[in-house]
Amino acid sequence: SAKAEDRHWERAYKIIRAFDASCKKHGIRGSLYPHTHWICDTPQSQKKIMEGANVSTIGPALCSHHWYANKNSVELDEALNYDIMKNLNYVVMTNGRFEGNGFPAVRFDLGEIDMAWFLAMIYQFGYKGPISTQGWGIGGDPYFTSKMFVDTVRGMRERFLKYPKLWPLD
């Protein structure tokens with residue numbers, strides 16, 4: 001998004017406006033997912049596109065990996081305060097490690113992002129929707145990786161409730 005010109009933004013608005021209309025017509029929920037190296041690569045660009053397209057049906061998605069990987073992203077608390085986030089559709093908790101100029105995805109418990117903190121931020125925000133992770137392309141068995149993710153997120157939630165002193169935001 002940092003290199004985008006007006007014509008790029010106008011094209012993004014047109015595409016997302018059509019996507020929004022299609023979702024509405026078919027009665028389905030759609031999401032705009034920010035991804036590094038695309039025009040929609042930060043919460044700010046996501047907000048700009050959704051507002052510029054004047055969406056009414058689709059909502060934003062949030063991925064820990066792509067939010068953290070882009071140094072131009074606003075802080076998570078600022079992103080969660082955007083008006084568009086009241087319609088947050090889903091959250092992806094995938095981790096990563098900086099390697100040279102890249103930030104390849106790794107299993108959620110092996111990277112640089114404090115996932116307990118990230119999850120607590122999402123809970124504090126009031127999010128109650130789906131939370132997923134990337135299970136393929138990061139090494140190991142995707143089934144095992146995904147099962148471990150579900151068990152760990154449930155375990156963290158239970159620990160947060162049972163032992164309030166472990167809440168990462170205090």
(request) Let me see the working for Gln46 and Met85 under side chain to side chain contact (heavy atoms under 4.5 Å, CB included), right down to the final yes or no. (result) CA-CA 10 Å; Gln46 182 183 45; Met85 289 299 184; 3.7 Å; yes
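- For Asp151, the salt bridge (charged side-chain N to carboxylate O under 4.0 Å, His left out) criterion is met by Lys147, not counting sequence neighbours.
- In this pair, Trp38 and His35 present their aromatic rings perpendicular. The plane angle is above 60°, beyond the 30 to 60° band.
- For the atom pair CD (Gln134) and CG (Asn95), the distance works out to 11.0 Å, reported to the nearest 0.5 Å.
- Between Phe160 and Trp167, the two ring planes are perpendicular [angle over 60°; tilted spans 30° to 60°].
- Contact of the Asp41 side chain with the Asn72 side chain is not registered, since no non-hydrogen atoms from C-beta on lie closer than 4.5 Å.
- Under the 4.5 Å side-chain heavy-atom criterion for Ile, Leu, Val, Met, Phe, Trp and Tyr, Leu88 and Met115 are members of the same hydrophobic cluster.
- No side-chain donor-acceptor contact under 3.5 Å links Ser31 to the backbone of Asn89.
- Side-chain atoms of Asn87 never come within 3.5 Å of backbone atoms of Ile58 as a donor-acceptor pair (strictly under, hydrogens ignored).
- Met148 and Val106 are assigned to two separate hydrophobic clusters, defined by single-linkage of ILVMFWY side chains at heavy-atom distances under 4.5 Å.
- In the hydrophobic cluster analysis, where Ile, Leu, Val, Met, Phe, Trp and Tyr join through side-chain heavy atoms closer than 4.5 angstrom, Leu110 is grouped apart from Phe103.
- Judged as a side chain to side chain donor-acceptor pair (under 3.5 Å), the pairs with a partner in residues 109-133 (not counting sequence neighbours) are, in order, Arg107-Asp109.
- Tyr163 belongs to a hydrophobic cluster whose remaining members, ordered by chain and number, are Leu166; membership requires side-chain heavy atoms of ILVMFWY residues under 4.5 Å apart, directly or through intermediates.
- Counted within 6.0 Å of CZ on Phe98, heavy atoms from surrounding residues, nucleotides or ligands total more than 12; the atom is thus considered enclosed.
- A donor-acceptor contact shorter than 3.5 Å links the side chain of Ser73 to the backbone of Trp67.
- A salt bridge is absent between Arg97 and Glu99; no separation between the charged side-chain nitrogens and carboxylate oxygens falls under 4.0 Å.
- Using bins of under 30°, 30° to 60° and over 60° for the plane-to-plane angle, the ring pair Phe149/Phe108 lands in the perpendicular bin.
- Using modelled atom types, no side-chain atom of Asn70 and backbone atom of Thr36 make a donor-acceptor pair closer than 3.5 Å.
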(message) Run Phe118 and Tyr68 through side chain to side chain contact (heavy atoms under 4.5 Å, CB included) and show every step you take.
(response) CA-CA 11 Å; Phe118 186 88; Tyr68 189 85; over 6 Å; no
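- The local environment of CG in Asp170 is crowded, with over 12 non-hydrogen atoms from other residues, nucleotides or ligands closer than 6.0 Å.
- With rounding to the nearest 0.5 Å, the separation of CG in Leu62 from OH in Tyr82 is 12.0 Å.
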(request) Using the side chain to side chain contact (heavy atoms under 4.5 Å, CB included) rule, take Leu169 and Met121 through it: C-alpha gap first, then chi angles, then the decisive distance, then the call. (result) CA-CA 8 Å; Leu169 303 182; Met121 290 289 288; 3.7 Å; yes
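- The shortest distance between side-chain heavy atoms of Asp20 and Ser56 falls below 4.5 Å.
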(request) Begin with the C-alpha distance, continue with both residues' side-chain angles, and end with the deciding distance and a verdict on side chain to side chain contact (heavy atoms under 4.5 Å, CB included) for Val55 and Leu32. (result) CA-CA 10 Å; Val55 300; Leu32 181 57; over 6 Å; no
